[in-house]
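Chain letters run A, B, ... following the sequence lines, proteins first and then strands; every chain starts at 1.
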Amino acid sequence: MSQRRILVTSALPYANGHIHIGHLVEYIQTDIWVRFQRLRGHRCVYICADDTHGTAIMIRARQEGRSEEQVIADMHAAHVRDFAGFHIEFDNYGSTHSEENRQLCAEIWQALCRAGLVVQREVSQLYDPVAGTFLADRFVRGTCPRCGAADQFGDSCDRCGSTYSPSELVGARSTLSGATPEVRAAPHFFIQTEQLHDFLAEWTQSAGHLHEDVAHWVAAAFLSQPLRDWDVSRPAPYFGFEIPDAPGHYWYVWFDAPIGYIASTLQWCRRSGEPFDLWWRHPETEIHHFIGKDITYFHTLFWPVMLKVAGFNLPRQVHIHGFLTVGGEKMSKSKGTFVLASTYLKHLDPAWLRYYYASKLTPKLDDLDLNLEEFVAKVNGDLVGKVVNLASRTARFVQGGTLSAAYPEDGGLFSQAAAEGDAIADAYEACDYNRAMRLIMALADRANRYVESREPWTLARDPSRAGELQDVCTVALNLFRQIALYLAPVLPTLQKQTAELLAAPLQRWEEAQRPLLGTAVAPFKHMLGRADIKHVLAMIEESREQPAAASPLAQGYGSTRQAGSVASSADSFAPRDDSSAGLAESAAPHVDRAAPLAAEPLEAEISFEDFSRIDLRVARVIAAEDVPDSKKLLRLSLSLGGDVHRTVFAGIKGVYEPASLVGRLVIYAANLAPRQMRFGTSQGMVLAAGPGGKDIYLLSPDPGAQPGQRVH
RNA sequence: GGGCCCGUAGCUCAGCGGUAGAGCAGAGGACUCAUAAUCCUUUGGUCGCAGGUUCGAGUCCUGCCGGGCCUACCA
């Protein structure tokens, strides 16, 4: 096969946060692919950078009282350190806040202007007069204009799901300064991607550029209609690059971020004397982007337009992966599953995560689940039990000696495994690492079976059969070496260890085709430790974030206080509230878990007057029925005594049988504003405890309470 | 409201028109070289539900149910 020239990128991590195990799916996936390509003898360069611009960084710098440059420099160092810890090796790890990027942005901008794709229009946006900045939707909070839910973001309500513009929010305020935002108009620059509609239709649908699911989605979601103009500028103040000839206007962070791929390449070229045009303006160079599914449309619509217009190489392929879940759920800070890369490294071996992710990754967009028990089982069962064990159980018999000079009869095992090389390579090439790992583990199974059948431990007891023993170990170690080579993209450390053990380099895929003979066998050294669930759980514990410091109570949560955090002293764990303290002492046998409180920390203090505004009543359920079109709702009729009835919708379907509710007493929030729902109007709500889902527990008064009585 | 993806053994998944598969877990046995590793045997599924196309359907088509994601006067 002729040597390919390949440039690979991973998405640029944002400089506003640390690398976590969710990020690592992508960087490990990419790093494996890059290592695989090099092993195959191709020229392959891995480029990445920090994404540093935008409002969030600006705000953070203000809050921390330092410059944006200081913020991003610190984060850059942290990112580089975390990646290195997981054996992720870039040829260049740059920053979008670089001179190279500024120049390239200007160059591409100019090309877009020349092509007549840039237009200017007024955009009205909320403006914070105190902070002196325009506000992105997420920096505005207020009361939902539809359902009246308090403290909602500027773009949509997470209570009733309605969407609206930030200016519709009732009592809107800026989360930056608390000021009331005002509407201000400012000119913005837009790119008319519609002009390249035909090009995009062709490029996104031509075979190989995108996974077919993605191509499908892009076609249906975007290309079936005229493309909207893309807003690519922001008015000052903004942390980014000012647009040439447009003072006071900055490129939007998503404009300069992908250009960072090119800028970082340019840095690498300048440092290593590579001709830049060979990498970004050459028909034979393959550009491969690895991204998460959340940023698909930036990379499949806007980005190709920018490259096309400015005359750069288009991506050969955009590889898209799904999100990480842990235990089947989104990563959660309160559950401790939001694990930072640095925290992982304190407790566990990076090779384990590389292998686990590899074993789960496919070319599809499915989310990938990290199941902690499976993680331990896979690492121990596959890597330690099957692979490393192969060397561990045979190398000792020949250490200090050499492998046999001629390759012994092995029943065709070596040539079979050599022949598998192509299938394994195809799987790596297609990013079907799951399949690759499966094929490799099957080889390990076969090799262990061989060892089992030849019983080297029996041969070792009989000095007259030393030659036979050497032969058996020669076969086993050669099979092991093939496996280590096939696993090398995933486990670079094992690759090095194997080269040392057998005193022969292990750097090219073809080395799996010829057995190694006559070389010295070094004393066997431990290659990979076993994973222990205790250490995994310790990592989870350390990752479990204390709830925001809402109260002394919340701060005292459990024993999971993070080192270095401003933890309260241990004595604050005891409730200070008089009444509950008394109860707690008399009920000493109860040991209640800390998790529920941690999951929903205490709210800010309110006055008695605030509390008394909520009119809670005892009510009797007089009818309950299923709402057929709804997933969660039951329709309840409540009696407040006499002939006062109310209808409420309660999200307890599947938790309570409607029939079982009729007749019972509940606690009812009576003066809550009515809420219009798809199935009718809900007049208030019934009170229940629990986080939701199936964990819902209706409140009841003690016997004797009468419907209509107020709860004080 | 619309769109996309997914729903195969307890778990993670492969198979995508021709007699239901793998790994792990479970059960029984063997071995003792090895990081309580390995090997053999074995239990286990009306392939979400209902129709249709076909000589034949996890595999193609339609509808429905369930899960996830995306997007909302629009695909």
S.K.: Checking side-chain contact (heavy atoms from CB on, under 4.5 Å) for the pair Leu494(A)/Leu528(A): CA distance, chi angles, key distance, verdict?
M.R.: CA-CA 8 Å; Leu494(A) 183 66; Leu528(A) 186 73; over 6 Å; no
S.K.: So does Ala531(A) get a backbone contact from the side chain of Asn380(A), meaning a donor-acceptor N/O pair under 3.5 Å?
M.R.: yes
S.K.: Holding to ring pair (Phe, Tyr, Trp, His ring centres under 6.0 Å), I want the full list of residues that pass it with Trp217(A), two or more places apart in sequence or in another chain.
M.R.: Phe222(A)
S.K.: Listed in order of residue number, which residues of residues 423-451 of chain A have a non-hydrogen atom at under 4.0 Å from RNA chain B?
M.R.: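 Contacting residues: Arg438(A), Asp445(A), Asn448(A), Arg449(A).
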S.K.: Taking the six-membered ring for Trp and the single ring otherwise, decide whether the centroids of Phe290(A) and His321(A) are under 6.0 Å apart.
M.R.: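 Ring centres of His321(A) and Phe290(A) not closer than 6.0 Å.
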S.K.: With sequence neighbours left out, what residues match Phe190(A) under ring pair (Phe, Tyr, Trp, His ring centres under 6.0 Å)?
M.R.: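 Partners of Phe190(A) by the ring pair (Phe, Tyr, Trp, His ring centres under 6.0 Å) criterion come out as none, since no residue qualifies.
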S.K.: What is the distance, to the nearest angstrom, from the CG atom on Leu370(A) to the C1' atom on rC24(B)?
M.R.: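 Answer to the nearest Å: 16 Å.
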S.K.: Picking from rC5(B), rC24(B), rU32(B), which would you name as closest to the side chain of Asp366(A)?
M.R.: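 For Asp366(A), the side-chain atoms sit closest to rC5(B).
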S.K.: Which whole-number value in Å describes the distance from Lys293(A) NZ to rC6(B) P?
M.R.: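 For the pair Lys293(A) NZ and rC6(B) P, the rounded distance is 12 Å.
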S.K.: Distance alone, cut at 3.5 Å: any donor-acceptor contact between the side chains of Ser404(A) and Asp471(A)?
M.R.: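 Judged by distance alone, the side chains do pair up.
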S.K.: For RNA chain B, what is the dot-bracket line, given that a base pair needs Watson-Crick (N1 to N3, plus N6-O4 or O6-N4) or G-U wobble (N1-O2 and O6-N3) geometry with both distances under 3.5 Å, and | means paired with another strand?
M.R.: ((((((((.[[[[.)..(..]]]].(((((.......))))).....[[[[[..)....]]]]])))))))....
S.K.: Need to verify one output field. Residue with the more 5' nearest nucleotide on RNA chain B, Tyr297(A) or Asp369(A)?
M.R.: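 Of the two residues, Asp369(A) wins.
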S.K.: Go through residues 521-534 of chain A and report each residue with a non-hydrogen atom lying under 4.0 Å from RNA chain B, sorted by number.
M.R.: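 Correct list: His526(A), Met527(A), Leu528(A), Arg530(A).
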S.K.: Would you say the side-chain atoms of Gln195(A) and Gln192(A) include a donor-acceptor pair closer than 3.5 Å?
M.R.: yes
S.K.: Do you see a donor-acceptor pair shorter than 3.5 Å between the side chains of His319(A) and His289(A)?
M.R.: no
S.K.: Check for me: is Trp217(A) stacked on rC4(B) by the 5.5 Å centroid and 30° plane-angle rule?
M.R.: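 No; by the centre-distance and plane-angle rule, Trp217(A) does not count as stacking on rC4(B).
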S.K.: Go through the side-chain N and O atoms of Asp369(A) and Thr325(A) and say whether any donor and acceptor fall under 3.5 Å apart.
M.R.: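 Side-chain D/A pair, Asp369(A) to Thr325(A): present.
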S.K.: Check whether any side-chain heavy atom of Leu301(A) lies under 4.5 Å from a side-chain heavy atom of Val305(A), and answer yes or no.
M.R.: no
S.K.: Could you give the OH-to-P distance, from Tyr357(A) to rU12(B), as a whole number of Å?
M.R.: 17 Å
S.K.: Give me the residues of residues 380-403 of chain A where at least one heavy atom lies under 4.0 Å from an atom of RNA chain B, by number, or none.
M.R.: Gly381(A), Val384(A), Gly385(A), Lys386(A), Val388(A), Asn389(A), Ser392(A), Arg393(A), Arg396(A), Phe397(A)
S.K.: So if I take every side-chain heavy atom of Asp367(A) and compare against rU12(B), rC70(B), rG68(B), which nucleotide ends up nearest?
M.R.: rG68(B)
S.K.: Assess Lys293(A) against Phe323(A): is NZ or CZ under 6.0 Å from the centre of the six-membered ring, and within 45 degrees of the ring's axis?
M.R.: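 Flagged: Lys293(A) positioned over aromatic ring of Phe323(A).
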S.K.: Looking at Tyr27(A), Tyr355(A), Trp352(A), Tyr344(A), which hits ring pair (Phe, Tyr, Trp, His ring centres under 6.0 Å) with Phe86(A)?
M.R.: Tyr344(A)
S.K.: Over how many whole Å does the gap from Met331(A) atom CE to rG68(B) atom C1' extend?
M.R.: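 Rounded to the whole Å, the gap is 16 Å.
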S.K.: Keeping the roles fixed (side chain from Arg438(A), backbone from Tyr433(A)), state whether a donor-acceptor pair exists under 3.5 Å.
M.R.: no
S.K.: Do Glu420(A) and Tyr486(A) pair up side chain to side chain, a donor and an acceptor below 3.5 Å, judged on atom types alone?
M.R.: no
S.K.: Nearest-Å distance, NZ (Lys360(A)) to P (rA14(B))?
M.R.: 10 Å
S.K.: Could you tell me whether Lys364(A) contacts a base, only the sugar-phosphate backbone, or nothing, with contacts defined as non-hydrogen atoms closer than 4.0 Å?
M.R.: sugar-phosphate
